[in-house]
Number of protein chains: 2
Amino acid sequence: MTRYSKQTRILVAVDCIIFGFDGELLKLLLIQRGFEPEKNKWSLMGGFIEPNEGPEEAASRILKQLTGLEGVYMEQMDVFGEPKRDPIERTISITYFAFIDINKYEQQLSEEYHAEWFPLKKTPKLIFDHEAMVEMAKEKLKYKAALHPILFELLPEKFTIPQIQTLYENVYDTILDKRNFSRKLLSTGLLIRQNEKDKENSKKGAYFYRLDSSIYKDKFQAFLNFIPNPQALNS
Amino acid sequence: MTRYSKQTRILVAVDCIIFGFDGELLKLLLIQRGFEPEKNKWSLMGGFIEPNEGPEEAASRILKQLTGLEGVYMEQMDVFGEPKRDPIERTISITYFAFIDINKYEQQLSEEYHAEWFPLKKTPKLIFDHEAMVEMAKEKLKYKAALHPILFELLPEKFTIPQIQTLYENVYDTILDKRNFSRKLLSTGLLIRQNEKDKENSKKGAYFYRLDSSIYKDKFQAFLNFIPNPQALNS
DNA sequence: ATATTAAGTGTTTTGTTGACGCTTATAAAT
DNA sequence: ATTTATAAGCGTCAACAAAACACTTAATAT
C-alpha cells in the first residue's frame, strides 16, 4: 500500500498577516496579487505549500520573499477551509501572523510584489476571505499582547518607553496612563536602560531601552494583566 | 483557467483530541485504528476532509461518528504538516480539541471503533505524531482554562462546586484551597444554585449548580486569573 | 530670561488575592 | 440515643497589586 486511495487531495496554501509599526501607527503589509484570478487586487502574502516543506517552512519562505527577513516572530493562526473560498479550485489556507521590525524591511525586494504598508484602520478591500483573516489577526493580536510581551517584536532593538506605549495604544485603540504604564513595564524586569536618549521626538529626550534577552523567554509566559480592562478582549 | 496548474495537492485530515471528565479523572477518548498502516494501534479519532465540507464540519462529523454527540464545544488547535508525518503519503492534519460531557457519551456507537477512555496520565503509545498532538492539547487546555470558563463544557448540566474543583485540580495537577476556589467561582456570577443537593459524594451533600447561560457568553472573555500561579502555564 | 513640550518619578486609595479557622449537615458507629 | 467522622460551606485578615492623580525635570525655541 503506497497511497490512501479514494481520498480527495486538496491544494494547501499559507497566508501571512504581517504587522509592522513605524513609531506612530500599526500597519499591515499587503501585496498586489500577481496572477489570476483577482490579479492586481490587494491581498495577503501567500503561496502554496511545496512538496517537501512543512507549513511553517512555507510561511517563512514566503515571508522572506516579501521582506527579505529571516528569524521573524511568527505564529500559526487559523485554518480557513471553506470549500468555496477560492473560486478557481478548492484551496485550504493555513494563516500565520508575523511581526517584523519595519525598519529592517527591505523595500527593494518588495517592488517585485508591489507591496505596501497600510495603517490598520485604512486597509483596502482584499481578495477572497483575506479580510476575515485580518480581522481575526487583529483580535488575536489584542488577546495575545495582553498576556505576553510579543509587541516588542515590532520594535527596533533600541526603543523608548513612549514609543512602546504608543504601540500599545494603537493595538488597543485607547489611551494609557504613562505613569502606570511605565511602572508596569519596568516592573517586568525585561528592559535594560541604555545611556543614550532618543532626541527625535522630544526636547528632553527619552531613554533608549533594549530587551533583556536572557529573561525574555522566561517572562514570556508570565506577562499577564498588561492591559487594564480585560473586558475589551475577544477570542 | 479552472485550476492552479503545477501545484501539488495534498491529503488533508482532521484529528480530534477529545476530553472527558468522569467526576474523578480527566480522560482522553482514543480508538484503535481500523486500517493500515498501524492497524489496531491506539490513535486519535480522525479522518480525511471530504470534497464539500470545511475542516470544522469534518471534525464535527467525525466527533459525531465516535460519540453520537452534536453541538459539542470544539476548538481548532494546530496544523501538523511535517512532510513525513504519515509514512504512506503526505497528509496534513488539522487538529481540534473537544470537550464532551462524558455522561452523554453513547457507548454503543463506540464499539464500532473500539474506543476507550484513558486517564490523561495513563495514555498508551499512539501512532504517528498523535502523542505530540495530545501534549499540545494538554498545554492548550491549561492555558485556556486559566483564562476562560471552558471546563464547564466537561461537566453535566448540574454539577457541584467540589466536582468542578476536582476538575481544576486534575487539569493543573495541583491542590486548590476550597474556600478561595468557591469564592472566586461564585464571584463570576456564572453559577445559579439549585435547591437539590448531590448526596452521592458526601454525607452533608453539596448543592447543585447550573450555568447561567444568559451571561456565560459575555463572561467568557473576562474569566481571567482563575488559577493562582500563572507561571505554571505554557504556550 | 522665559515659555513650551514631553519625559520621568512619587503617593494615596481601592480592590483583589491568598492564607487560614470555624461551623454545619448527615451518615455511620457505638 | 449519643458520639464520631467526613466533607460542605461561610468568614476574616493581611499583603499585595492596580488605578487615579500631581508635580518636577531637561532641553529647545522664543
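In what follows, chains carry the letters A, B, and so on, assigned in the order in which the sequence lines appear, proteins first and then strands, with residues in each chain numbered from 1.
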What is the distance from [atom1] of [X] to [atom2] of [N], rounded to the nearest Å?
X: A:Lys184; N: D:dA20; atom1: NZ; atom2: P; value: 11 Å
X: A:Arg193; N: C:dG8; atom1: CZ; atom2: C1'; value: 9 Å
X: B:Leu176; N: C:dC20; atom1: CG; atom2: P; value: 15 Å
X: A:Phe181; N: D:dA18; atom1: CZ; atom2: P; value: 14 Å
X: A:Phe208; N: C:dA7; atom1: CZ; atom2: P; value: 12 Å
X: A:Glu200; N: C:dT5; atom1: CD; atom2: C1'; value: 16 Å
X: B:Asp198; N: D:dT6; atom1: CG; atom2: P; value: 19 Å
X: B:Tyr207; N: D:dG9; atom1: OH; atom2: C1'; value: 9 Å

By side-chain contact (heavy atoms from CB on, under 4.5 Å), which residues pair with A:Lys104, not counting sequence neighbours?
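Residues passing side-chain contact (heavy atoms from CB on, under 4.5 Å) with A:Lys104: A:Leu69, A:Asp101.
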Could you list the residues that satisfy side-chain contact (heavy atoms from CB on, under 4.5 Å) with A:Met74, not counting sequence neighbours?
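Residues passing side-chain contact (heavy atoms from CB on, under 4.5 Å) with A:Met74: A:Ala59, A:Ser60, A:Leu63, A:Tyr96, A:Ala98.
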With B for base contact, S for sugar-phosphate-only contact and - for none (protein heavy atoms under 4.0 Å), nucleotides 21-30 of chain D reads BB--BBBB--
Checking [X] now: which residues fulfil side chain to side chain donor-acceptor pair (under 3.5 Å) with it, not counting sequence neighbours?
X: B:Glu135; answer: B:Lys138
X: B:Asn40; answer: none
X: B:Ser93; answer: B:Asp15

For a quick test of your reading: what N or O donor-acceptor pairs under 3.5 Å do the side chains of residues 116-126 of chain A make, sequence neighbours left out?
residue, atom, partner, partner atom, Å
A:Lys121, NZ, A:Asp173, OD1, 3.1

Walk me through it: do B:Lys64 and B:Glu70 pass the test salt bridge (charged side-chain N to carboxylate O under 4.0 Å, His left out)?
CA-CA 6 Å; B:Lys64 187 175 178 198; B:Glu70 294 180 87; 3.3 Å; yes
DNA chain D contacts made by residues 156-166 of chain B, counting heavy atoms under 4.0 Å
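Within residues 156-166 of chain B, the residues near DNA chain D are B:Pro162.
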Considering only residues two or more places apart or on different chains, which pairs with a residue in residues 187-203 of chain B satisfy salt bridge (Lys or Arg N to Asp or Glu O under 4.0 Å)?
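Every salt bridge (Lys or Arg N to Asp or Glu O under 4.0 Å) pair that includes a residue of residues 187-203 of chain B, provided the two are not neighbours, is B:Lys158-B:Glu196.
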Which atom of A:Tyr143 lies closest to which atom of B:His148, heavy atoms considered:
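Nearest pair, atom of A:Tyr143 first, then B:His148: OH-NE2, 2.7 Å.
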